[in-house]
Amino acid sequence: MSRYNFRETEAKWQAIWAERGCDKPVEDATRDKYYVLEMFPYPSGRLHIGHARNYVIGDLIARFKKAKGFSVLHPMGWDAFGLPAENAAIQNQVHPDDWTRENIRVMRGQLQMLGLSYDWDRELATCDPDYYRHEQKMFLDFVRSGLAYRKESWVNWDPVDHTVLANEQVIDGKGWRTGAPVERRKLTQWFLKITSFADELQSALGALDRWPDRVRLMQENWIGRSVGAKVLFALDGRDEPLEVFTTRPDTLFGASFLALSPDHPLAEELAADNRDLAAFIEECRRLGTSEEAIETAEKRGLDTGLRARHPFQPDVTLPVHVANFVLMEYGSGAIFGCPAHDQRDLDFARKYGLPVTPVLWPTDATMISDQEAANWDRDVRDRFDDDPLQAPDGEGLKLHVGKAAFTDTSRAKYTYDLGSLTDGRALSVDEAKEIVIEALEQRGQGEATVRYRLRDWGVSRQRYWGCPIPVMYRVEDGAMVLVPDEDLPVELPKDVDLSQPGNPLANHPTWKHTTCPETGKPAIRETDTFDTFFESSWYFLRFCSPHAASAFDAKDTDYWMPVDQYIGGIEHAVLHLLYSRFFTRALNQSGHHVTEEPFAGLMTQGMVVHETYQDENGNWLFPEEVSETGGAFVKEPDGSPVTKGRLEKMSKSKKNVVGLETVVDAYGADTGRLVLMSDSPPERDLEWTETGLEGAWRYVNRLWRLITEPAVTLAPVGAAIPNAFSDEAAALRREVHKTILAVEQDFEGFRLNRAVARLRELTNAIAGIKGAGDGEAWAMREALEALTLMIAPVMPHFAEEAWAMLGHQSIVAETPWPAADATLAADEQITIGVQVNGKLRGTVTLPKDADQTAAEGAALAEPNVQRALDGKTVRKVIVVPNRIVNVVAA
RNA sequence: GCGGGCGUGGCGAAAUUGGUAGACGCGCCAGAUUUAGGAUCUGGUUCCGCAAGGAGUGGGGGUUCGAGUCCCUUCGCCCGCACCA
């Protein structure tokens, strides 16, 4: 019995593919193009089997599309800038560049070991000056078209390392490396104006119909469009009115205070001669904005003493507070508080004894449940003793506001108290909003407006291992000057001291000193580098023309873009995918020309998860350290108890990583690929198990034996089709052609696990063939060849070897997808279920498309059906052709 | 709190989108082969029941000739955002 020798086979075919240039795209005008791309990796060390899933999915699609006749672009590169390289440099005394390049070398080898069909001539690394010079140019273009600007903003500042930290690097309010409490600091940073595309980025999501709904939704939430109104409040004793944003202008008559963010310019101005206020603002800033701080912080505020005028009630004055729950980054950094209809405002009002004035009531008493009313009553009694407020329409309805604000705008109709603006008739929330906005506009005290949650993208990082920002600041007058295009790239210096705290480029003795190209006088370079998401926002364009002198060649991007299928993890649902969508638009607006939507199709693959174990002290253990005895888990050497944890994403810290080499050395790349493709749908998590791997290996060998030792002597290659087939041979042929059609659809629809299941079904059908006539010999060859070609996208090396064993001189990588004959695939006989009153009682086999009468007759004649009908009268028979017969009887 | 997703055998999962629930595989059981183990092959494997039969897609209700699929309700798990005015 022969065993498939993956060791020799895989290396052999990888060499042949490379030699024949199988993975180079052909830019052929007569073919449709297909650009398939997997999110490129950060070269952090070694790939494990979990990483491989992403690439194998992409490779399957690439190989399938190529076999279907597309001109396929399938490139790979390295997202090579980033902080881990600097950390490794400090820990291991190795330069970030050397560390990164060594990792790239290792990981490239690992990808090649998997037999992935990349065009390696297009490989790029973002840390290469030949790559980042182009994004420096793009940045200059952005500056020139107003899409990049400098602004002072609050950042997380690590006082020990002297560097800005990203939000993700602040853990419990402390720096992740130093453990020092993070300070908020105002720094001047570069921003990209993503907000100017907020509306477009949101509305265009609707057209991305090959993106997962959930990703579109996440982007929509992130952009956070909200429609509302800007309201101007006149302030006593000041000329400038205060601007406030609200999504509920209909509650304006319920306003009882205004609140400013501690970071609001007006608050800062007032604090200049108000020591209490200055102290309060300082305290708010210290508390920070970490999630936990927000969760536990109570609403706090301080009355500034300032008084505002209600736009419609000039005699009503509202106190202006500074409140810790108002964000400077959203809206205008100031709000009006309507405690009766907003929970936060209510909490605040209760704490500081501010009035609570309901202005809307449901008109239909039945709309408030008894329970709700009772709760309100109880709240009032328990906590506040307020008099219930009565709706103005005299229907006797009471709205009690205890500690729960009435915010339910889903109820159909309301009665509003809009002061002089209405006659007290019932209005919907939307109607009331309209009336208020109209009145505001008439008086010049506000207008309808749209605000976004999205903020401009801060791209400055005080790090070494990133792309230098190509500007300088003149020493004599501090003017910002762009580095001229012809002086690009601004290269990172190689000699850098990372052991000192602070910005390594700023610490460099000479690098930052340069000369202003306009005046010839001394200037200092910008010492910040770009956020590494900058590099990944356009790499898919560079792949189209990797060797062009400019960033990309419109001729190439016009041909290849957009990416037809992008594959990656859900963790980039917002960040990278939103930045890239912004980038293409920004490029278009700054003189480049590219497709607006970079990724036409997106698939987010699930994680590969693996078992985890922890000892008594909560330390993670390798699965090899654990043994199972009678349902209990113990640690190998000492028998101490072990807890089996949940399935977790493979990670070094949890000690549940399965190395790529471990799998490939023992079972071959193809077996590993098969497991990754067959055990779960691609978008769902996949549990990696040794038994699953062994099962896949058994299948590989079973298929190998079927091909190398077929039960029937195969017809020669290219033999003429026999005139007649036995029933068995004809049935096999039907199965083959059905499978081709189905697998094709499954691949197209990313039902990859289903496709593999169908191929196993076909394998079972082939294995069951007993006859040995000419028909069988011919049908068997047809079946084995089709199976080989169909399994090729999953197991490319195996398929090549099998194809050669079947007597072919050609190679699978250059062979088209098998042609399906739809006529052959059609069933002649169909077995359908027969129900009596909806319960299955039997089955009948009928010719395909049998007429209703025939189906009905056969169904009623079926013995089990007759038994079920015994003593009943048939009322009605429902026949769904080729599907089911249901007999209704009583 | 807001938004979204998911609950199907011992396990991973299928189900032509309202039409024979559990394909395919893992595991398990029995048998064959084998000195033995492994590998391989054959058969079985949703549950209850000797069987006939009955029950069954987290629970409850509804629509329909017919519901895993649609609607209402409820429970559980997972994910995203989170003081966003």
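Just so you know, these numbers use all the heavy atoms, side chains as well, and skip hydrogens, waters and symmetry mates. Order of the sequence lines sets the chain letters (A, B, ...), proteins ahead of strands, with each chain counted from 1. Predicted model only: the values in this text are computed from it and were never measured.
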Practice task
Determine, step by step, whether A/Thr671 and A/Tyr4 satisfy the side chain to side chain donor-acceptor pair (under 3.5 Å) criterion, reporting the C-alpha distance in whole Å, the side-chain angles of both residues, the deciding distance to 0.1 Å, and the verdict.
Solution key: CA-CA 11 Å; A/Thr671 304; A/Tyr4 171 61; over 6 Å; no

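- Mapped onto RNA chain B by nearest heavy atom, A/Tyr452 and A/Met218 fall at different nucleotides, with A/Met218 at the one closer to the 5' end.
- A gap of 15 Å separates the P atoms of B/C78 and B/U8, to the nearest Å.
- Side-chain contact between A/Trp457 and A/Leu578 is absent, with no heavy atoms from C-beta onward closer than 4.5 Å.
- Put simply, CD on A/Glu683 is 14 Å from C1' on B/A14, counting in whole angstrom units.
- A search for side chain to side chain donor-acceptor pair (under 3.5 Å) contacts involving A/Asp670 returns A/His797, not counting sequence neighbours.
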Distances under 3.5 Å between protein N/O atoms and the N/O atoms of nucleotides 52-55 of chain B, please, pair by pair.
unit_1	atom_1	unit_2	atom_2	d
B/G53	OP1	A/Arg867	NH1	2.9
B/G53	OP1	A/Arg867	NH2	3.3
B/G54	OP1	A/Arg841	NH1	3.4
B/G54	OP2	A/Arg841	NH1	3.3
B/A55	OP2	A/Lys839	NZ	3.4

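- Base pairing of B/G10 is made with B/C26, judged by Watson-Crick or G-U wobble geometry with both donor-acceptor distances under 3.5 Å.
- In textbook terms, a nucleotide whose glycosidic angle is within 90° of 0 is syn, while B/G59, being further out, is anti.
- Using P as the reference atom, B/A13 and B/C83 are 34 Å apart when rounded to the nearest Å.
- Among the nucleotides B/A85, B/C41, B/C81, the one closest to the side chain of A/Arg705 is B/C41.
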Fill in the blank from the handout: Whether each nucleotide of nucleotides 20-31 of chain B has a protein heavy atom under 4.0 Å at its base (B), only at its sugar-phosphate (S) or at neither (-) is summarised, 5' to 3', as B--BSSSS----

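- Between the NE2 atom of A/His572 and the P atom of B/G80 there is a distance of 14 Å, rounded to whole Å.
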Handout entry: Heavy-atom protein contacts under 4.0 Å, nucleotides 4-10 of chain B, coded B base, S sugar-phosphate only, - none
Key = S------

Exercise for the section: Tell me, with the steps shown, if A/Val887 and A/Leu869 meet side chain to side chain contact (heavy atoms under 4.5 Å, CB included). Expected result: CA-CA 9 Å; A/Val887 182; A/Leu869 286 174; 3.9 Å; yes

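- A/Asn886 comes within contact range of at least one nucleobase, with a heavy-atom separation under 4.0 Å.
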Exercise for the section: Report the C-alpha separation of A/Asp342 and A/Arg248 in whole Å, then their side-chain angles, then the decisive distance to 0.1 Å, and conclude whether the salt bridge (charged side-chain N to carboxylate O under 4.0 Å, His left out) test is met. Expected result: CA-CA 10 Å; A/Asp342 182 285; A/Arg248 293 293 305 276; over 6 Å; no

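- The interatomic distance linking A/Ile223 (CD1) with B/C81 (C1') rounds to 14 Å, in whole Å.
- Look at B/U17: its glycosidic torsion is within 90° of 0, and that puts it in the syn range.
- One C1' atom belongs to B/G61, the other to B/A67, and the distance between them is 14 Å to the nearest Å.
- By the 4.0 Å N-to-carboxylate-O rule, A/Arg216 lies close enough to A/Asp213 to be salt-bridged with it.
- The partner of B/G3 is B/C79, judged by Watson-Crick or G-U wobble contacts that both fall below 3.5 Å.
- Here B/A55 sits opposite B/U46 as a Watson-Crick or G-U wobble pair (both hydrogen-bonding atom distances under 3.5 Å).
- Taking the six-membered ring for Trp and thresholds of 30 and 60 degrees, A/His576 and A/His572 have ring planes more than 60 degrees apart, a perpendicular arrangement.
- A/Phe257 and A/His321 have perpendicular rings, their planes meeting at more than 60° on a 0 to 90° scale where under 30° would count as parallel.
- Atoms CG (A/Leu260) and C1' (B/A85) sit 13 Å apart, rounded to a whole Å.
- Separation of the C1' atoms belonging to B/U40 and B/U34 is 10 Å when rounded to the nearest angstrom.
- Residues A/Thr247 and A/Lys433 form no side-chain contact, since every pair of their non-hydrogen atoms from C-beta on lies 4.5 Å or further apart.
- Between A/Leu575 atom CG and B/G80 atom C1' the separation is 12 Å, expressed in whole Å.
- If you take CG of A/Leu752 and C1' of B/A14, they are 15 Å apart, rounded to a whole angstrom.
- Enclosure of atom CD in A/Glu828 is not indicated, since only 12 or fewer non-hydrogen atoms of other residues, nucleotides or ligands lie within 6.0 angstrom.
- A donor and an acceptor atom, one from each side chain of A/Ser678 and A/Tyr699, are nowhere located under 3.5 Å apart.
- Partners of A/Phe750 under the ring pair (Phe, Tyr, Trp, His ring centres under 6.0 Å) rule, at least two apart in sequence or in another chain, do not exist in this structure.
- Applying the Watson-Crick and G-U wobble criteria (two distances, each under 3.5 Å), B/A32 pairs with B/U40.
- At whole-Å resolution of the value, CD in A/Gln202 and C1' in B/C84 are 14 Å apart.
- Here, B/G4 and B/U74 have their P atoms 16 Å apart, quoted to the whole Å.
- Where A/Phe245 and A/Val574 each meet RNA chain B at their nearest nucleotide, the meeting point lying more 5' is that of A/Val574.
- When rounded to the nearest whole Å, the span between CG of A/Asn701 and C1' of B/G38 equals 14 Å.
- When the C1' atom is used for both B/U45 and B/G9, the distance is 10 Å, rounded to whole Å.
- The C1' atoms of B/G56 and B/G22 are separated by 11 Å, rounded to the nearest whole Å.
- B/C2 and B/G10 have their P atoms separated by 36 Å, with the value rounded to a whole Å.
- For the side chain to side chain donor-acceptor pair (under 3.5 Å) condition, the pairs that include at least one residue of residues 849-861 of chain A, sequence neighbours left out, are A/Asp849-A/Asn882.
- At a threshold of 4.0 angstrom between heavy atoms, the contacts of A/Val880 include nucleobase atoms, whether or not backbone atoms are also involved.
- Across all strands shown, B/U17 forms no Watson-Crick or G-U wobble pair with both distances under 3.5 Å.
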Problem - Chi angles and distances behind the side chain to side chain donor-acceptor pair (under 3.5 Å) call for A/Arg875, A/Asn837 - result: CA-CA 10 Å; A/Arg875 292 277 155 79; A/Asn837 293 332; over 6 Å; no

